[in-house]
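Excluded from the calculations below are hydrogen atoms, water molecules and symmetry mates; all remaining heavy atoms, backbone and side chain alike, are included.
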Amino acid sequence: QVQLVESGGGLVQAGGSLRLSCEASGRTFSSYAMYWFRQAPGKEREFVATISRSGRSAVYADSVMGRFIITKDNAKNTGYLQMNSLKPEDTAVYYCGVDPRYTRYMTTCDYWGQGTQVTVSS
């Protein structure tokens, strides 16, 4: 079992930045790729970014490419999503997930956090 706890969400103006954290406990964090998904009201959950188990490679959704950075610190059992140049359309609940598989086409992870709200005002 892996428990994930997200933090760092909040209200920010357009153009601002936030850093989300995802702290893991339980099994070895380095055994898992980490994912960030988001879900806006009335929309399906969508892929945002993923990072490999080692943290050496990452893939991003086109909508966040160049603005968001995903990182992973296996020594601290924590992953991060640095979000810059935020736009109102980034408003959503952000979820971190972990899974042994590392793929851009992940749809559901083995373990999920509870989510953290990000609201970007115009």
[X] side chain to [Y] main-chain N or O, any donor-acceptor pair under 3.5 Å?
X: S52; Y: S57; value: yes
X: T78; Y: K76; value: yes
X: S54; Y: R56; value: yes
X: T119; Y: T91; value: no

Who are the side-chain contact (heavy atoms from CB on, under 4.5 Å) partners of E46, not counting sequence neighbours? R38

Could you work out, with side-chain contact (heavy atoms from CB on, under 4.5 Å) as the rule, every residue matching Q39, not counting sequence neighbours?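 Result, side-chain contact (heavy atoms from CB on, under 4.5 Å) vs Q39: R45, Y95.
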
Checking [X] now: which residues fulfil salt bridge (Lys or Arg N to Asp or Glu O under 4.0 Å) with it, not counting sequence neighbours?
X: E23; result: none
X: R101; result: D99
X: R19; result: none

Look at the side-chain heavy atoms of Ile, Leu, Val, Met, Phe, Trp and Tyr, link any pair under 4.5 Å apart, and say whether [X] and [Y] land in one connected group.
X: F37; Y: L86; answer: no
X: F47; Y: M65; answer: no
X: V120; Y: M83; answer: yes
X: V93; Y: L81; answer: no

Any chance you could measure [X], atom [atom1], to [Y], atom [atom2], to the nearest 0.5 Å?
X: Y111; Y: Y32; atom1: OH; atom2: OH; value: 4.5 Å
X: M34; Y: C96; atom1: CE; atom2: SG; value: 6.5 Å
X: I69; Y: N84; atom1: CD1; atom2: CG; value: 6.0 Å
X: Q13; Y: L11; atom1: CD; atom2: CG; value: 8.0 Å

Go through it in stages, so that I can follow the logic: the residues are F68 and W36, the test is ring pair (Phe, Tyr, Trp, His ring centres under 6.0 Å), and I'd like the CA-CA distance, side-chain angles, deciding distance and then a yes or no. CA-CA 11 Å; F68 290 11; W36 287 97; 9.8 Å; no

Should Q3 and S25 be marked as a side-chain contact (heavy atoms from CB on, under 4.5 Å) after you check the CA-CA gap, both sets of side-chain angles, and the distance that decides it? CA-CA 5 Å; Q3 294 78 42; S25 60; 3.3 Å; yes

Any idea which heavy atoms bring [X] and [Y] closest together, and the distance?
X: A24; Y: F29; answer: CB-CD1, 3.5 Å
X: P88; Y: A14; answer: CD-CB, 4.1 Å
X: V59; Y: Y102; answer: CG2-OH, 3.5 Å
X: V98; Y: C109; answer: O-CB, 3.4 Å
X: Y94; Y: V48; answer: CE2-CG2, 4.4 Å
X: I70; Y: Y60; answer: N-OH, 2.9 Å

Using side-chain heavy atoms (C-beta onward) and a distance below 4.5 Å, is S17 in contact with Q82?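 S17 reaches Q82 side chain to side chain.
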
Between Y35 and T103, is there a side-chain heavy-atom distance shorter than 4.5 Å?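 Of all side-chain heavy-atom pairs linking Y35 with T103, at least one is under 4.5 Å.
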
Any side chain to side chain donor-acceptor pair (under 3.5 Å) involving residues 64-75? Give me the pairs, sequence neighbours left out, ordered by first then second residue.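 For residues 64-75: R67-D90, K72-N74.
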
Give the intermediate values and the outcome of side-chain contact (heavy atoms from CB on, under 4.5 Å) for residues L20 and V118. CA-CA 9 Å; L20 305 183; V118 172; 4.0 Å; yes

